[in-house]
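Being a predicted model, the structure only gives us computed values, none of them experimental. A, B, ... follow the sequence lines: proteins, then strands. Residue 1 opens every chain.
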Amino acid sequence: MMDKKQVAAVLDQMGTLLELQNANPFRIRAFQNASQIIEGITEDLDDLVDRQTLTDIDGIGQGLAKIITDLVKTGSSREYEDLRKSLPAGLLDIIRIPGLGPKRVRLLYEKLKIDSVEALKRACETHQLAELTGFGEKTEQNILRGIERLRKTSEKHLVPRAAESAEKMLKAISRLKAVKRCEVAGSLRRRKEVIGDIDIVASVEEKHRASIVKVFVSQPEVSSVVAQGETKATVVLTNGINCDLRLVRDNEYPFALNYFTGSKEHNVEMRSLARRKGWSLNEYSFSLLKGAKKQSRIPVCRNEEDIYKALGLSYVPPELRENMGEFDASRKGAVPKLLEEKNLRGTFHVHSTYSDGANSLEELTKAAQKLGWDYWGVADHSQIAVYAQGLSPEKVNEQRREIENLNARLKNFRVFHGTECDILSDGTLDYSNDVLAGFEYVVASIHSKFNMNESEGTKRLIKAVRNKYVTMIGHPTGRVLLSRDGYPCDMVQVIDAMADYGKAIELNAHPSRLDPDWRLLKYAKEKGVKVFINPDAHNADGLRDVRYGVGVARKAWLEARDVGNAWPTREVEKFFAAIRA
DNA sequence: GCCGTTTTCGGCCCGACTGTTTTCAGTCG
């Protein structure tokens with residue numbers, strides 16, 4: 001009745017409702033934690049329920065297992081219904097307003113009967129809040145601004161846009177003489193697929209703090225200042241993204257950087273590990289735990305590596321800090337050597353002037369050479385894509401001849417001839433097998449009929465995966481395969497099929513459309529499915545967009561050998577040939 | 001609510017900022 005996404009949402013909501021009820025904070029955390037766990041599992045939730053193995057998962061006990069089982073089986077649960085009935089639904093909207101937490105939401109409801117954002121807005125405008133103890137005029141103003149901000153920033157920001165702003169702000173800070181070290185932290189450093197806000201950490205002598213904060217808040221990118229203190233400032237940038245600056249002493253810097261990089265889940269585990277050594281860990285330092293039975297001497301930590309070392313761990317790259325197995329790997333010294341941008345030797349999903357691309361084969365080749373690559377692959381649209389000048393079989397032959405001529409002239413560089421072939425609604429492909437056999441590789445993509453139900457959608461894709469000439473499944477429209485709210489299909493099943501048939505998957509890194517789910521990518525890696533980081537480029541500049549995919553690939557623990565475009569030319573040729581063999 | 005090669009009971013992460021206080025609670029990250 002409910003899938004894992006829905007179950008996760010319900011558990012999170014139960015946590016919030018418990019907060020509003022002023023319940024035991026650890027009980028609250030148990031629900032929030034469980035929500036995270038369920039969202040992250042790659043096994044089939046139905047299976048776990050049927051086999052009654054939910055309690056094998058760390059963090060899920062008898063109580064939560066019962067609730068989850070009820071939700072999956074019946075679509076509801078006694079505990080959930082009781083909680084939901086105990087408070088008006090509108091409070092769940094109100095609590096999302098920045099500056100309002102469970103205590104004050106509860107108070108507003110009890111004293112002023114405020115049970116919706118609209119009612120709250122009216123109450124602020126008529127200054128009813130200021131009459132309550134603990135509230136004043138300033139708070140009313142802040143809430144009104146919060147309501148407005150929530151409306152504007154409810155959507156999260158994509159990595160490339162946030163990265164661009166972050167670079168500008170970082171540059172403004174780092175060029176100041178008083179700043180010793182500074183770096184972007186937070187989810188941007190962890191390369192999450194979407195970014196909430198930008199965190200910058202800087203080390204600076206105390207006497208210079210005020211001047212640094214002043215420079216920060218007066219940057220041209222800043223549209224308003226939310227908070228400005230001695231060690232912290234928060235601003236809203238002109239593009240609507242929040243940006244935080246934290247100032248610390250230089251000896252505190254590694255701790256601050258680590259702390260503000262997160263994730264929260266990673267930090268919680270770090271602190272637990274510190275406690276076991278008899279230390280307390282915060283954003284400034286280790287300190288000896290008062291009254292601990294066993295205490296170890298605290299080593300000097302000059303950088304993040306030292307902190308991990310102190311806890312008996314090898315360095316954990318920011319992309320892996322999600323408490324999703326990185327501590328185990330780190331203890332065993334088995335942290336993978338993650339993909340680097342410089343590992344990439346080329347890319348394969350590129351459109352030329354033959355279909356809807358803006359640059360010729362020659363121009364694209366020059367751009368790829370300029371990036372230091374060894375190859376690239378053309379993948380123009382197939383014939384049904386009339387809107388994009390999809391290629392007829394005759395045109396395909398013409399293109400092949402041009403590529404052969406080009407390759408004959410090129411030294412130490414190779415252009416591959418592929419296609420982005422449409423998967424039709426019945427799962428068959430837009431070219432006959434005869435035509436497909438003429439390509440070196442085939443990216444099979446969906447551009448039509450996005451409103452199928454999940455089982456039909458899954459069948460359609462798996463049928464395409466089975467086609468002997470398909471090399472990799474692409475995701476052309478952005479809201480597709482590896483994204484959580486994309487094309488209706490059970491991606492786990494599709495990945496299983498790819499593993500069975502030795503096919504690859506495309507991580508489409510087109511920046512304007514990026515929202516790939518790294519958990520699914522990680523699952524693909526575990527299954528041995530190769531990944532190609534492709535830009536879906538329509539011009540020469542677009543080739544560079546692969547760099548946005550590298551961060552997501554790192555989050556999924558991908559190493560150079562897991563990624564097709566990190567292989568040398570010969571290996572790529574072999575892989576393509578093996579698929580049709 | 002969860003968890004246990006120190007525990008089946010008693011723990012479970014911590015500091016800064018804000019606005020309203022006259023010493024601090026609530027919120028945030």
(message) What is the distance, to the nearest angstrom, from the CG atom on A/Leu132 to the C1' atom on B/dA25?
(response) 15 Å

(message) Can you confirm if the NZ or CZ of A/Lys113 lies within 45° of the ring axis of A/Tyr109 and under 6.0 Å from the centre of its six-membered ring?
(response) yes

(request) Could you let me know what B/dC9 is paired to, Watson-Crick or G-U wobble, both distances under 3.5 Å, or none if it's on its own? (result) B/dG4

(message) By nearest atom, which of the nucleotides B/dG19, B/dT27, B/dC14 is closest to the A/Lys138 side chain?
(response) B/dG19

(request) Can you tell me the distance, in whole Å, between the CZ atom of A/Phe260 and the C1' atom of B/dC14? (result) 11 Å

(message) In whole Å, I'd like the distance from the CG atom of A/Leu100 to the P atom of B/dT20.
(response) 13 Å

(request) Flag the pair A/Asp199 / A/Arg189 as yes when at least one side-chain heavy-atom distance between them is below 4.5 Å, and no otherwise. (result) no

(message) Without decimals, in angstroms, what is the distance between A/Asn282 CG and B/dC14 P?
(response) 9 Å

(request) Decide, for B/dT7, between syn and anti: a glycosidic angle within 90° of 0 counts as syn, anything else as anti. (result) syn

(message) Rounded to whole Å, please give me the gap between CG in A/Asn267 and C1' in B/dC14.
(response) 10 Å

(message) Can you tell me how the ring of A/Phe327 sits relative to the ring of A/His266, calling it parallel under 30°, perpendicular over 60° and tilted otherwise?
(response) parallel

(message) Ring-plane angle category for A/Tyr308 and A/Tyr315, please: parallel below 30°, perpendicular beyond 60°, tilted otherwise.
(response) perpendicular

(message) I'd like to know if A/Glu230 pairs up with A/Arg209 as an ion pair, taking the criterion as any Lys NZ or Arg NE/NH1/NH2 lying under 4.0 Å from an Asp or Glu carboxylate oxygen.
(response) yes

(message) Under 4.0 Å from OP1 or OP2 of B/dT18: is there any side-chain N or O of A/Thr139 that close?
(response) no

(message) Assess whether a salt bridge exists between A/Glu148 and A/Arg145, defined as any Lys/Arg side-chain N lying under 4.0 Å from an Asp/Glu carboxylate O.
(response) no

(message) Quick check: on DNA chain B, is the nucleotide nearest A/Glu140 upstream (toward 5') of the one nearest A/Pro98, or the reverse? Name the residue that is more 5'.
(response) A/Glu140

(message) I'd like to know if A/Tyr284 reaches the base of B/dG15 with its side chain such that a donor and an acceptor end up less than 3.5 angstrom apart.
(response) no

(request) Nearest 0.5 Å please: distance from the CE atom of A/Met270 over to the CG atom of A/Asn323. (result) 11.0 Å

(request) Using only side-chain N and O atoms of A/Ser272, determine if any of them is under 4.0 Å from OP1 or OP2 of B/dC12. (result) no

(request) Determine: side-chain N/O of A/Arg275 to OP1/OP2 of B/dC12, distance under 4.0 Å, yes or no. (result) yes

(message) Check this for me: does any side-chain nitrogen of one of A/Asp328 and A/Arg331 sit under 4.0 Å from a carboxylate oxygen of the other?
(response) yes

(message) What residues from residues 14-27 of chain A pass a heavy-atom cutoff of under 4.0 Å to DNA chain B?
(response) A/Asn24, A/Phe26, A/Arg27

(message) From CZ of A/Arg106 over to P of B/dG26, roughly how many Å is that when rounded to an integer?
(response) 13 Å

(message) Expected output is a numbered-order residue list: members of residues 61-86 of chain A with a heavy atom under 4.0 Å from any atom of DNA chain B. What is it?
(response) A/Gly61, A/Gln62, A/Gly63, A/Leu64

(request) Rounded to whole angstrom, note down the P distance from B/dT7 over to B/dG1. (result) 25 Å

(message) Is it the case that the side chains of A/Gln128 and A/Thr126 hold a donor-acceptor pair, with the cut-off being a distance below 3.5 Å and no angle test?
(response) yes

(message) If the threshold is 4.0 Å, N to carboxylate O, is there a salt bridge linking A/Arg190 and A/Glu326?
(response) no

(request) Could you work out which one of B/dT18, B/dG29, B/dA16 sits closest to the side chain of A/Ala227? (result) B/dT18

(request) Take the protein atom OH of A/Tyr259 and the nucleotide atom P of B/dG15, then report the distance between them rounded to whole Å. (result) 9 Å

(message) Return whichever of A/Ile95 or A/Gly229 has its heavy-atom-nearest nucleotide of DNA chain B closer to the 5' end.
(response) A/Gly229

(message) Between A/Lys180 and A/Asp250, does any side-chain N to carboxylate O distance fall below 4.0 Å?
(response) no

(request) Give the nucleotide from the list B/dT27, B/dG1, B/dC3 with an atom nearest to the side chain of A/Asp58. (result) B/dC3

(message) Can you tell me if A/Thr231 touches the phosphate of B/dC17, counting only side-chain N or O atoms and a distance under 4.0 Å to OP1 or OP2?
(response) yes

(message) Tell me the interatomic distance from A/Asn142, atom CG, to B/dT20, atom P, rounded to whole angstroms.
(response) 8 Å

